[in-house]
Trainee: 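Take this structure first; my questions come after.
Index from 1, following the sequence.
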Amino acid sequence: EFRRVLFRSSLRRPLASGGAGQVWEATHRDRGTAVAVKLLPPEVLASPALRATLTTEIRAVAALNHPNVIAVLDQGRVGAGAAVMSAGQLTEGSPYLVMELARGGNLLPECGRLAWADVAPILDALLGALAAAHARGLIHRDLKPDNVLVDHPDDLRPGLKLTDFGLALALGEVDARVAGTPSYMAPEQCRGAWRAIGPWTDLYALGCTAWALLTGGPPFEGELRRVLLRQLHETPGAFRPVRAVPEGVEPWLRRLLAKRPVDRFAYAAEARAALRALAPRGRRSGAEARPPAVRGQTTSLVGIPQIGRAHV
């Protein structure tokens with residue numbers, strides 16, 4: 001098997017692929033550490049929109065230095081030598097991004113399984129990450145449990161990591177695409193109203209994420225068009241958390257999920273302060289039994305069982 005090399009990183013094996021890129025596990029030769037390399041797949045190189053997506057991701061994440069945002073270690077484009085050595089699997093000129101590798105999986109499997117004592121620190125960490133991004137004029141636009149990575153003892157840094165800024169939007173940059181994940185998209189995002197998108201758009205997605213963590217799923221799920229219409233016109237139904245939560249959690253969530261941006265928290269710091277003001281003791285709501293142990297049995301700094309998979 002050939003050894004695929006991208007400048008200072010040697011590719012080892014593919015981890016995942018998605019609409020905005022392919023992810024490989026690699027070894028950073030200068031650092032001697034395992035990293036994740038994200039690159040644009042050859043079949044979509046002809047798309048200026050997708051090339052711009054990865055370029056924006058590189059710019060956005062490289063500008064951030066926060067313990068709860070995935071770290072960028074390197075960037076570049078696939079050289080001629082690497083393309084030849086890959087026997088056609090890599091395309092010369094493809095942009096790539098080298099990031100820290102998160103081995104603990106993502107939050108999606110934990111939806112509906114965690115106690116409030118575990119969920120609150122997760123939300124606090126995410127609000128801190130969003131505050132750092134928003135202070136630099138960056139909007140994530142695709143916050144969801146899948147894009148929140150869980151730490152592992154072998155990772156470079158402990159703590160949750162917010163990843164996939166492929167849909168991030170620099171404030172003032174014209175981008176009229178309707179992009180994101182419908183079940184986590186704010187009404188203004190569903191309409192493609194880019195002029196109305198701001199920090200409050202990410203806070204709506206955070207509300208959907210918090211709802212999913214506490215109840216097992218986001219407020220609206222189902223067929224794409226119907227979800228978009230419900231995001232635009234319907235109020236989330238009854239809030240039924242699986243575990244006990246403080247009395248103030250539901251009003252806090254519903255403010256995040258207000259249809260009009262003006263009715264939401266204006267800034268991540270404001271939402272974070274309101275979160276921290278909630279009483280730590282919760283009311284009895286839903287099942288009382290603790291969730292079953294998750295494979296791995298190792299607990300992270302915020303009390304989340306490890307998943308044992310690598311994601312970025």
Trainee: Identify every side-chain donor-acceptor pair in residues 62-71 under 3.5 Å, counting partners at least two apart or on other chains, and give the distances.
Mentor:
residue	atom	partner	partner atom	Å
H66	ND1	N68	N	2.9
H66	NE2	G128	O	3.4
N68	ND2	L160	O	2.9

Trainee: Counting N and O atoms only, with roles assigned by atom type, does the side chain of T181 sit under 3.5 Å from a partner on the main chain of S183, one being a donor and the other an acceptor?
Mentor: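 No, because the side chain of T181 does not come within donor-acceptor range (under 3.5 Å) of the backbone of S183.
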
Trainee: For a quick test of reading the model, state the closest non-hydrogen atom pair linking L224 to P182 and the distance between them.
Mentor: CD1-CG, 3.0 Å

Trainee: Checking P261 now: which residues fulfil side chain to side chain contact (heavy atoms under 4.5 Å, CB included) with it, not counting sequence neighbours?
Mentor: E188, W200, R264

Trainee: Could you state the interatomic distance from CG (L123) to CG (L214), rounded to the nearest 0.5 Å?
Mentor: 7.0 Å

Trainee: Which value, rounded to the nearest 0.5 Å, describes the distance between L253 atom CG and L275 atom CG?
Mentor: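 If I round to the nearest 0.5 Å, the distance is 9.5 Å.
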
Trainee: I'd like to know if the side chain of Y204 pairs up with that of Q189 as donor and acceptor (distance under 3.5 Å, no hydrogens or angles considered).
Mentor: no

Trainee: Would you say H140's side chain and T163's backbone share a donor-acceptor pair under 3.5 angstrom?
Mentor: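 Yes: the side chain of H140 pairs with the backbone of T163.
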
Trainee: Side chain to side chain contact (heavy atoms under 4.5 Å, CB included) with A266: which residues, sequence neighbours excluded?
Mentor: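 For A266, the residues satisfying side chain to side chain contact (heavy atoms under 4.5 Å, CB included) (neighbours in sequence not counted) are E270.
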
Trainee: Taking the side chain as C-beta and beyond, is there a heavy-atom pair between P246 and V249 under 4.5 Å?
Mentor: yes

Trainee: Closest heavy-atom contact between K38 and D164?
Mentor: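 Looks like NZ-OD1, 3.4 Å.
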
Trainee: Mind checking side chain to side chain donor-acceptor pair (under 3.5 Å) for R260 and listing every partner two or more places apart, or none if nothing turns up?
Mentor: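 Testing R260 for side chain to side chain donor-acceptor pair (under 3.5 Å), a comparison that skips the adjacent residues, returns D263.
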
Trainee: Looking at T27 and A34, would you say the former's side chain and the latter's main chain have a donor-acceptor pair under 3.5 Å?
Mentor: no

Trainee: D124: which residues meet the salt bridge (Lys or Arg N to Asp or Glu O under 4.0 Å) condition with it, sequence neighbours left out?
Mentor: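 Only R272, R276 meet the salt bridge (Lys or Arg N to Asp or Glu O under 4.0 Å) criterion with D124.
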
Trainee: Y184 and C208: which non-hydrogen atoms are nearest, and at how many Å?
Mentor: CD2-CB, 3.5 Å

Trainee: Just how far is it from atom CZ of R191 to atom CG of L228, taken to the nearest 0.5 Å?
Mentor: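 One finds 11.5 Å between CZ of R191 and CG of L228.
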
Trainee: Looking at L107 and I122, what are the two nearest heavy atoms and their distance?
Mentor: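 For L107 versus I122, the nearest heavy atoms are CD1-CG2, 3.7 Å.
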
Trainee: So, taking the atom named CG in L108 and the one named CG in L213, what distance separates them when rounded to the nearest 0.5 Å?
Mentor: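 Rounded to the nearest 0.5 Å, the CG-CG separation comes to 9.5 Å.
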
Trainee: Check for me, please, whether L206 and F239 land in the same ILVMFWY cluster - side-chain distances under 4.5 Å, paths through other members count.
Mentor: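 Result: yes, single cluster for both.
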
Trainee: Are any of the side-chain nitrogens in R113 or D118 under 4.0 Å away from the carboxylate oxygens of its partner?
Mentor: no

Trainee: Tell me every residue that passes salt bridge (Lys or Arg N to Asp or Glu O under 4.0 Å) with R157, counting only those two or more places apart in sequence or in another chain.
Mentor: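 Only E100 meet the salt bridge (Lys or Arg N to Asp or Glu O under 4.0 Å) criterion with R157.
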
Trainee: Quick check for you: to the nearest 0.5 Å, what is the distance between M99 atom CE and L149 atom CG?
Mentor: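 One gets 9.0 Å once the value is rounded to the nearest 0.5 Å.
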
Trainee: In sequence, state the C-alpha distance, the side-chain angles, and the governing distance for R243 and W116, and then conclude on side chain to side chain contact (heavy atoms under 4.5 Å, CB included).
Mentor: CA-CA 7 Å; R243 306 291 298 276; W116 173 252; over 6 Å; no

Trainee: For the pair N147 (side chain) and D142 (backbone), establish whether a donor and an acceptor sit closer than 3.5 Å, ignoring hydrogens and angles.
Mentor: yes

Trainee: Which heavy atom of V37 sits nearest a heavy atom of A26, and at what distance?
Mentor: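 Result for this residue pair: CG2-CB, 3.7 Å.
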
Trainee: So how far is it from H152 NE2 to L101 CG, rounded to the nearest 0.5 Å?
Mentor: 10.0 Å

Trainee: Go through the steps for V245 and E250 under the test side chain to side chain contact (heavy atoms under 4.5 Å, CB included), then give the verdict.
Mentor: CA-CA 9 Å; V245 298; E250 183 173 355; over 6 Å; no

Trainee: Looking at every heavy atom in both N106 and P145, which two are closest together, and how far apart are they?
Mentor: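 Closest approach of N106 to P145, heavy atoms only: CB-O, 3.7 Å.
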
Trainee: What residue pairs, at least two apart or across chains, pass salt bridge (charged side-chain N to carboxylate O under 4.0 Å, His left out) with a residue in residues 206-233?
Mentor: R230-E234

Trainee: Are L278 and W211 connected into the same hydrophobic cluster when the rule is that any two of I, L, V, M, F, W, Y join if their side-chain heavy atoms are below 4.5 Å apart?
Mentor: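 Yes; tracing contacts between hydrophobic side chains, which count when under 4.5 Å, links both residues.
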
